Each structure stands twice: as C-alpha cells, then as structure tokens.
J.: 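Sharing a structure with you now.
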Amino acid sequence: MSDWEPPVVRPRRLRQSPAMRRLVRETYLQPSQLLLPMFVAEGLSEPRPIASMPGVVQHTRESAKAVYAEAAELGLGGVMLFGVPEHKDAEGSGALDPQGILNVAIADARAEVGDDLLVMSDLCLDEFTDHGHCGVLDAKGRVDNDATVEIYARMGVAQAEAGAHVVGPSGMMDGQVGAIRAALDEAGHDETVIMAYAAKYASAFYGPFREAVDSSLTGDRKTYQQDPANAREALRETLLDVAEGADIVMVKPALSYLDLIADVRAAVDLPVAAYNVSGEMAMVEAAAQNGWIDRERTIDEVLLSMRRAGSDIILTYWATEVARRLR
Ligand code: PBG
C-alpha cells in the first residue's frame, strides 16, 4: 500500500443515504406501465388456483370482474386477457365465436371499466385448438402460416368488436401484423392498437402457462417461435412488425432476454414491452417459498431490470401487487 493514493473520485458519495440514492435513481416502476395477464375460464363455478403460479388463478367471468375494477382503481396500464375454453377443435373456432370465452371476457371487462383501463387480448389460437398449436395444421400436420393468418385477421376483428382497446398477436406467423391491421381498418377499427409479440422465443419459461391455459400441446413450437440462441433475428422480426404497422413491440420472455430488450429499444422509436413470463415468476415464488430469497426485493429487482434494459411496458403477474405496494 505504500504508494497507494486515496481516490479523488468516490462514487460511494452518491449512495450514502436513502435521500441521496433517491435523488440519483435512474429507473422507476409505475403502475401505469404494468399490464396484468389474466386467465378467464369457461364452465368454472369458482376460481381455480394454478399450482405452478402461486397467487394466480383461472378466473370465472364473475371473479374476473373484481380484478378488472381493482386494476383500474390501482391505475394499472391494462389487463391482458387469455381465454380458457371448455371445448376445443382443430380450427380453434371458439376464438372467432362472439360467445367464445375470450370475446365475452373482453366485453365483460369493457362493461366494468369502460375507458379507465386498457383492455387487451391475446390474439392466438393455441388456447382454442385441440392440438394446442398456435395455428391450424395442413395435411402434413405442419402449422399452416397463411391459413392461420387469415383466421387471426378475423379473430382481431372479433376482439375489437367485443371491445378490446389493444390486440396482442402472439402466434409468430409471418405477416400476421399486416393482415390484422388491414382487417381491423377495413372493419372500421382503425383505433384498435396492435401490440405485437415481435420477438418471441420458443422458451422453457412458458411451462407454468401451459397449465394455466390447460394447454393440449404435445411437441413444441420451434417452427414458429424463435431459437433462444439467436439475437439478430429478434431485430429482423421486430422491424418486420414495425413495417407491417405494429404500434407497440414486445420481447418475450424478458429476464433471459434483457440484451434483446436493449437491442430493440435502440432500434425502434415505438414503445417497447417486455413479458415477464410464467416460468420467470414461478422461479422467484419457489425460491421465496423456500426462504432462499427475499420475495419483494427480488420482484422489484426483476422488474426494474426490464425497465433498465429499455422496456417502457411490462406484462407481469405481479402487476396488482406491485401497484398496491407503490401507492
Ligand atoms: C401463446 C402464449 C404463450 C404465452 C403467452 N401467450 C405460450 C406459448 O407461446 O407457448 C406464455 C406466457 C407465460 O408463460 O407467462 N398464446
């Protein structure tokens, strides 16, 4: 230590007290930027807990209503609705039916909150198909891109007609955003916003979600969702969605994909959303239940990392809890 000089520059000076740290904090969580994903199931008499997602349930239409109201009251950005139908078929026809569970849930939500909260809907067929894929299959059993996109376009119109402010195409079919935009505009729904799942990966982190929606999938989605090894492809997918008319672009999952949130943030001027998916949530909950981590601090750190990486909007199953705590 003999020739050591005390440092002139001392970053610790700005960390010395809560007040000082508050002054220089760069990133915040705000209820208005949090979206709550919700599952509304057909034919349930009471809400059904999802074992792998502590605190999350499949709602009945009735039980969901209180959550829409609470989300509005807390000033959340919105709710993202997923439907869990009782009956499925090869074409996923429940997705187009105005009486299908997702479409009636959208209408319920709008009746409850009007324009005080944004009502968003998942635009994908996987909850409605008996084979569990995000699209319809061709004669060889492959997911048929263009036939699926045609159904998505009609599904988008059905959701807008039910009252969705925002539709979220999540099926990763080529050309889906452009087709949905054209169909919405043609039907007079030019105000309906498209939040595109732009870079969506074939991820093991969706595990608990499959239980949440009673998924019937066997096999995987690797022919349409992206390879977790690829980063450049995320920009390619995102720029295509922007060119096709997406209003908001999303990266999903979020936690293992923070690099891509930053890349997308740097590449586009649109709002960027990140989906803190079921498996990311389940890992934190499981570790917290074991007493291995401090649950609330971890949740805040996880969500802050997504904001810090550059996402404006976060879809998280913790949205109401965090919003309540922020108040
Ligand atoms: C597809 C969809 C999935 C999720 C959201 N939309 C599942 C999938 O692509 O297999 C996953 C969400 C989560 O894991 O929290 N409609």
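Being a predicted model, the structure only gives us computed values, none of them experimental. We're numbering straight along the sequence, starting at 1. Counting starts at 1 for both ligands and their atoms, following the listed order.
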J.: Could you list the atoms of ligand 1 found under 4.0 angstrom from a heavy atom of Cys124?
T.: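 In order of numbering, the contacting atoms are 16 (N).
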J.: Which heavy atom of the protein is the closest neighbour of atom 15 (O) of ligand 1, given with residue, atom name and distance?
T.: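 Ranking protein heavy atoms by distance from atom 15 (O) of ligand 1, first comes Tyr317 OH, 2.5 Å.
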J.: Heavy-atom count around Glu191 CD within 6.0 Å, excluding the residue itself: above 12?
T.: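 No.
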J.: Is a donor from one side chain sitting under 3.5 angstrom from an acceptor on the other, for Glu280 and Asn276?
T.: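 Asn276 and Glu280 do have a side-chain donor-acceptor pair below 3.5 Å.
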J.: Which atoms of ligand 1 sit under 4.0 Å from any heavy atom of Asp122?
T.: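 Near Asp122, meaning under 4.0 Å from one of its heavy atoms, ligand 1 has 6 (N), 16 (N).
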J.: Between Asp126 and Arg221, is there a side-chain N and carboxylate O pair less than 4.0 Å apart?
T.: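 Judged by the 4.0 Å cut-off on N to carboxylate O distance, Asp126 and Arg221 do form a salt bridge.
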J.: Show me which atoms of ligand 1 lie under 4.0 Å from any heavy atom of Ser170.
T.: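 Listed by number with element: 1 (C), 6 (N), 16 (N).
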J.: Under a 4.0 Å N-O cut-off, is there an ion pair linking Asp263 with Arg232?
T.: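 Salt bridge between Asp263 and Arg232, a charged N being under 4.0 Å from a carboxylate O: no.
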J.: Within a distance under 4.0 Å of any heavy atom of Phe82, pick out the atoms of ligand 1 and give their elements.
T.: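 With Phe82 as reference, the close atoms of ligand 1 come out as 5 (C), 6 (N).
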J.: Nearest protein heavy-atom contact for atom 14 (O) of ligand 1: which residue, which atom, what distance?
T.: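 In this structure, atom 14 (O) of ligand 1 has Ser278 OG, 2.7 Å as its nearest protein heavy atom.
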J.: Quick one: does NZ or CZ of Lys200 land under 6.0 Å from the six-membered ring centre of Tyr275, within 45 degrees of the ring axis?
T.: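 No.
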J.: Of the choices Glu280, Lys200, His133, Glu211, which has the non-hydrogen atom that lies closest to atom 1 (C) of ligand 1?
T.: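 Among Glu280, Lys200, His133, Glu211, the closest heavy atom to atom 1 (C) of ligand 1 belongs to Lys200.
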J.: So which heavy atom in the protein is nearest atom 12 (C) of ligand 1, and how far is it from that ligand atom?
T.: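 In this structure, atom 12 (C) of ligand 1 has Phe209 CD1, 3.2 Å as its nearest protein heavy atom.
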J.: For ligand 1, which atoms sit closer than 4.0 Å to a heavy atom of Tyr275?
T.: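 Answer, ordered by atom number: 12 (C), 15 (O).
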J.: Starting from atom 16 (N) of ligand 1, which protein heavy atom do you reach first, and at what distance in Å?
T.: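 For atom 16 (N) of ligand 1, the nearest protein heavy atom comes out as Asp126 OD1, 2.7 Å.
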J.: Atoms of ligand 1 less than 4.0 Å from Glu127 heavy atoms?
T.: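 Matching atoms, with element in brackets: 16 (N).
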J.: Quick test: of every protein heavy atom, which one is nearest to atom 6 (N) of ligand 1, and how far off is it to 0.1 Å?
T.: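 Nearest neighbour among protein heavy atoms for atom 6 (N) of ligand 1, to 0.1 Å: Lys252 NZ, 3.1 Å.
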J.: Pick one: which of Glu112, Met80, His165 meets side chain to side chain contact (heavy atoms under 4.5 Å, CB included) with Val119?
T.: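 Going through Glu112, Met80, His165 one by one, the side chain to side chain contact (heavy atoms under 4.5 Å, CB included) with Val119 is satisfied by His165 alone.
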J.: Can you tell me the protein heavy atom closest to atom 8 (C) of ligand 1 and the distance?
T.: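 The closest one turns out to be Arg221 NE, 3.4 Å.
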J.: Is it true that Asp247 and Arg181 have a side-chain N and a carboxylate O under 4.0 angstrom from each other?
T.: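 Looking at Asp247 and Arg181, the cut-off is met.
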J.: With no hydrogens and no angle check, is any side-chain donor or acceptor of Arg324 less than 3.5 Å from a backbone partner on Leu74?
T.: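 It does not hold such a pair.
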J.: Work out which heavy atom in Leu125 is nearest to a heavy atom in Gly92; give both atom names and the distance.
T.: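 Result for this residue pair: CD2-O, 3.8 Å.
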J.: Does an N or O anywhere in Arg210 fall below 3.5 Å from an N or O of ligand 1?
T.: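 N/O-N/O distance under 3.5 Å: yes.
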